[in-house]
Q: 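I have a structure here, written as C-alpha cells, and I will follow up with some questions on it.
Just so it is clear, the values below take in all heavy atoms, side chains as well, and ignore hydrogens, waters and symmetry mates.
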Amino acid sequence: MTFSVSFNGVDISSLVNGFTGVTRNIGSTWVNTTSQTSNTGVDFLYNSIDAKTITISFIAHVRKDRFSTTRRELAKLLNVSEPAPLIIGDEPNVVWYAVPDGSQTLDESSFFDGIGTLTFLVPSGVAESSFTQTLNADNSGGENGSIVKNDDGSVDLIINNQGSLPVYPTFKFTHTSDNAYIGIAAPTGVLALGSQDQYLPGSKTTETTKVESQWLLNPAKMSLKDNFDGHFMTANDVPNPQNGQLLTAGNLVWKQDGLRFQDGGPMPPKGTVYLCMGAMQQWAIPADAVGDVGSANFTSTFNIWAQATKMGQTGVLQVLFVDANKKLMCGMGIYKDDAKGNTFQTQLYIGGNHPRTWKVFGPKLQELNNGGHGDGKVPNPNLYFNSATGNFTIQKKGPVFNFTFGNKGGNYPITIPELAYTKCMRVYVYEGQLWNRNNTDQKITNLSLRMFKFQKNDVTKTIDATVDATKYIPADDHHFGNHEVVTVDTSSANIYRREGATIANDELITGGEFFSVGTGETTITCLFGDKASPPDIEATWKERFL
C-alpha cells in the first residue's frame with residue numbers, strides 16, 4: 001500500500017519497505033451498560049466509548065544482518081511511556097494518541113521478506129485534528145461559523161464543529177472598553193465571570209457602600225512613548241528602596257520602545273565603591289474616583305524586554321512598589337552580573353518587617369538568558385522576557401502578594417501580615433549598570449520597561465441614594481479594563497486575564513460550569529456589562545473524530 005505512517009514524530013516508512021494493510025475498523029468500541037429488570041431482555045442504562053485498537057501490517061526486505069536491524073529500530077521507536085502521536089498517511093490532518101499494545105510481530109521465516117504487524121492502543125478511543133480551528137472577525141461567515149453582534153449588545157458565536165464528537169473551545173475576549181461581566185451561554189452550559197449586580201438577603205442591612213476596581217494607568221498599546229510621558233517622573237534624588245548600593249543620580253529616558261538606561265550620572269567621591277551606577281523614575285499613584293490616594297489592594301502588570309546580544313553584558317532593571325514612607329513593599333528585578341557569559345537572574349522582593357530578596361530564578365537553573373531568541377550559546381533560552389513576551393503581574397490582596405510570570409511562568413504567593421492595610425503610594429523604576437562597567441558595548445543591549453499598568457481594587461463608593469441599598473449592590477463597571485484580554489479554556493477548565501496569560505480561576509461566578517460544544521452548528525451567546533462595548537471575540541478548538 002502506498003501510504004506513510006509516523007509514530008512519535010518518526011516516519012515508520014523509513015524503517016520498513018512497505019505497508020500491506022491497516023485496520024482501524026469503524027469508529028471505536030462501544031460499551032453498553034444494561035440492567036436485568038425482568039425475565040425478558042434488559043434495560044439500557046448508558047453507553048460509552050472504549051479504547052480503540054489500530055493494527056498496521058508491513059513488509060521488510062532482508063538485510064545483511066537478516067532482520068535484526070529492523071527489529072531493533074522498531075523496538076526502539078515503540079518504546080514510549082505515554083501516548084504519542086500516530087498519523088496515517090491517508091488522513092494527514094488526523095492524530096491518534098496511541099501506545100503499542102501486546103506483541104509486535106515480525107515473521108522471519110522467509111529468506112527474502114519479513115512480514116510484520118504493529119498493534120497500537122488509543123486509550124481515548126478518538127482522534128483529533130492536527131491543527132486548531134479558529135473563528136474570529138476575519139473569517140466570520142466561513143466554514144467555521146459566524147460572529148453576529150446583536151442590538152442588545154450581546155454577541156452570538158455560531159460555531160460549526162465539523163468533527164464527529166463534541167469539542168472544548170477556548171474563548172478569547174479582547175476588551176474595547178471597561179467591562180463588569182462576561183457571560184457565555186451555550187445549550188450545554190453557562191459560564192459567568194467578573195462582577196454582577198448583587199441582591200442582598202431579604203433581611204434588613206445597613207450596607208451602603210460597595211468596593212470596585214479602577215484602572216489608574218492602562219495604556220492602549222505596548223512600547224509607545226505616550227505610555228510614559230507625564231506619568232513617570234525623575235526620582236534621582238531618592239535612595240533606591242530595595243538596595244542603597246544602587247545609585248540613582250543618572251537618567252532614564254524613553255528610547256525605541258520604553259524606558260531605558262541612558263547614564264549613571266556623576267561619579268561619587270573618590271574612594272567610595274557602590275554596586276551600580278543608575279537612575280530611577282517614579283509614578284505617584286493618583287487619586288481614585290472618590291479622591292482617595294494610594295491602594296492597599298492592587299494589580300499591576302508590566303512588560304520587560306531583557307536581551308543581551310553579546311556575552312558578558314551586564315545591567316539591572318527593577319520595578320518597586322513603596323508605601324507613604326518610600327519603604328519597599330514588593331517588587332521584581334532583572335539582574336545580570338555575569339561579566340563573561342550570558343546568564344540572567346530574576347529576583348522577587350518583599351518588604352515589611354523583614355525586607356529581603358525573596359526568590360531568585362537563575363543562574364544555576366539558566367532560566368533567564370539571551371532574550372529567548374535561541375542563538376545556540378545557552379542551553380535554555382529565556383522564555384519570559386524577550387521581544388515577543390515579557391508580561392509580569394504583581395497583585396496585592398490584603399496581606400497576600402502574588403507574583404505571576406505571564407508567559408510559561410507560574411504563581412508565587414507570599415503572606416506579609418504587617419502589610420495587610422499598607423497602601424502603595426508610588427512605583428519606582430530603576431535601571432543601571434554595574435560599577436566600573438561601561439555604557440556602550442558592556443551594557444545589556446535590550447533592557448527596557450515597555451509597558452506599565454495599574455488597577456486599584458479597593459475603591460470604596462457610597463451607593464447612589466436613589467437605589468435601595470438594603471437590597472441591591474450594582475456591578476463593578478471597571479472590573480475588566482479596556483484592552484484587557486480574558487481567556488476561557490473549557491478544555492482545561494482554566495480562566496486567564498490581564499494579558500490573557502495570568503491564571504484567574506477566582507473570576508468564575510458561583511454556578512458557572514465549563515462545557516463542550518456539539519457537532520454541527522451551535523449558537524453560543526456572549527453577554528457583557530450594561531455600560532460595556534462588546535469585546536473582540538475569538539474562539540478556537542480542535543475537532544475530534546471517532
Q: Rounded to the nearest 0.5 Å, what separates atom NZ in Lys310 from atom CD1 in Ile444?
A: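 So the NZ of Lys310 and the CD1 of Ile444 are separated by 13.5 Å.
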
Q: With side-chain contact (heavy atoms from CB on, under 4.5 Å) as the criterion, how do Met332 and Phe302 come out once you've worked through the C-alpha distance, each side chain's angles and the decisive distance to 0.1 Å?
A: CA-CA 10 Å; Met332 187 274 279; Phe302 43 94; 3.4 Å; yes

Q: Indicate whether the side chain of Asp156 and that of Thr525 have a donor and an acceptor atom separated by less than 3.5 Å.
A: yes

Q: Hey, are Asn494 and Asp489 close enough side-chain-wise for a donor-acceptor pair under 3.5 Å?
A: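 No - no donor-acceptor pair under 3.5 Å links their side chains.
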
Q: Working to the nearest 0.5 angstrom, can you tell me the gap between Glu212 CD and Asp288 CG?
A: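 One finds 9.0 Å between CD of Glu212 and CG of Asp288.
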
Q: State, without any angle test, whether Thr234 and Asn236 hold a side-chain donor-acceptor pair at a distance under 3.5 Å.
A: no

Q: Heavy atoms, side chains only, cut-off 4.5 Å: are Asn505 and Glu507 in contact?
A: no

Q: Whether the Gln318 and Asn240 side chains hold a donor-acceptor pair (N or O, under 3.5 Å, no angle test) is what I'd like checked.
A: yes

Q: If you compare all heavy atoms of Cys330 against all heavy atoms of Phe403, which two are closest, and at what distance to 0.1 Å?
A: CB-CZ, 4.1 Å

Q: How far apart are the C-alpha atoms of Lys225 and Asp229, what are their side-chain angles, what is the distance that settles it, and do they pass the salt bridge (Lys or Arg N to Asp or Glu O under 4.0 Å) test?
A: CA-CA 6 Å; Lys225 189 172 185 293; Asp229 283 352; 2.9 Å; yes

Q: Is the ring centre of Phe321 less than 6.0 Å from the ring centre of Phe298?
A: yes

Q: Is there side-chain contact between Cys276 and Leu434, with heavy atoms separated by less than 4.5 Å?
A: yes

Q: For Lys542, is the NZ atom crowded, meaning more than 12 foreign heavy atoms sit under 6.0 Å from it?
A: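 More than 12 heavy atoms, drawn from other residues, nucleotides or ligands, come within 6.0 Å of this atom.
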
Q: Are any non-hydrogen side-chain atoms of Pro286 and Phe454 less than 4.5 angstrom apart?
A: no

Q: Are there more than 12 heavy atoms of other residues, nucleotides or ligands under 6.0 Å from atom CG of Asp152?
A: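 Check passes, neighbour count above 12.
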
Q: Between Thr134 and Asn139, do the side chains contain a donor N or O and an acceptor N or O under 3.5 Å apart?
A: no

Q: Do Asn446 and Arg260 have side-chain heavy atoms sitting under 4.5 Å apart?
A: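 Yes; the side chains approach each other to less than 4.5 Å.
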
Q: Is it the case that the side chains of Thr404 and Gln395 hold a donor-acceptor pair, with the cut-off being a distance below 3.5 Å and no angle test?
A: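 No donor-acceptor contact under 3.5 Å links the two side chains.
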
Q: So for atom NZ, which belongs to Lys443, do other residues, nucleotides or ligands contribute more than 12 heavy atoms lying within a distance under 6.0 Å?
A: yes

Q: Regarding Asp257 and Ser448, do their side chains bring together a donor and an acceptor under 3.5 Å, going by distance alone?
A: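 Side chains of Asp257 and Ser448: pair found under 3.5 Å.
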
Q: Looking at the rings of Tyr412 and Trp358, which for Trp means the six-membered one, are their centres under 6.0 Å apart?
A: no

Q: For atom CG of Asp530, decide whether the heavy atoms of other residues, nucleotides or ligands shown that lie under 6.0 angstrom number more than 12.
A: no

Q: Heavy atoms, side chains only, cut-off 4.5 Å: are Val459 and Asp292 in contact?
A: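 Heavy-atom side-chain distance check fails, nothing below 4.5 Å.
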
Q: Can you check whether Ile394 reaches Lys396 side chain to side chain, under 4.5 Å on heavy atoms?
A: no

Q: Are Phe514 and Leu191 close enough that some pair of their side-chain heavy atoms sits under 4.5 Å apart?
A: yes

Q: Should Glu538 and Asp536 count as side-chain neighbours, where that means a heavy-atom distance under 4.5 Å?
A: no

Q: I'd like to know whether CD of Glu418 has more than 12 heavy-atom contacts from other residues, nucleotides or ligands below 6.0 angstrom.
A: yes

Q: Does a donor on one side chain sit under 3.5 Å from an acceptor on the other, for Asn303 and Asn391?
A: yes

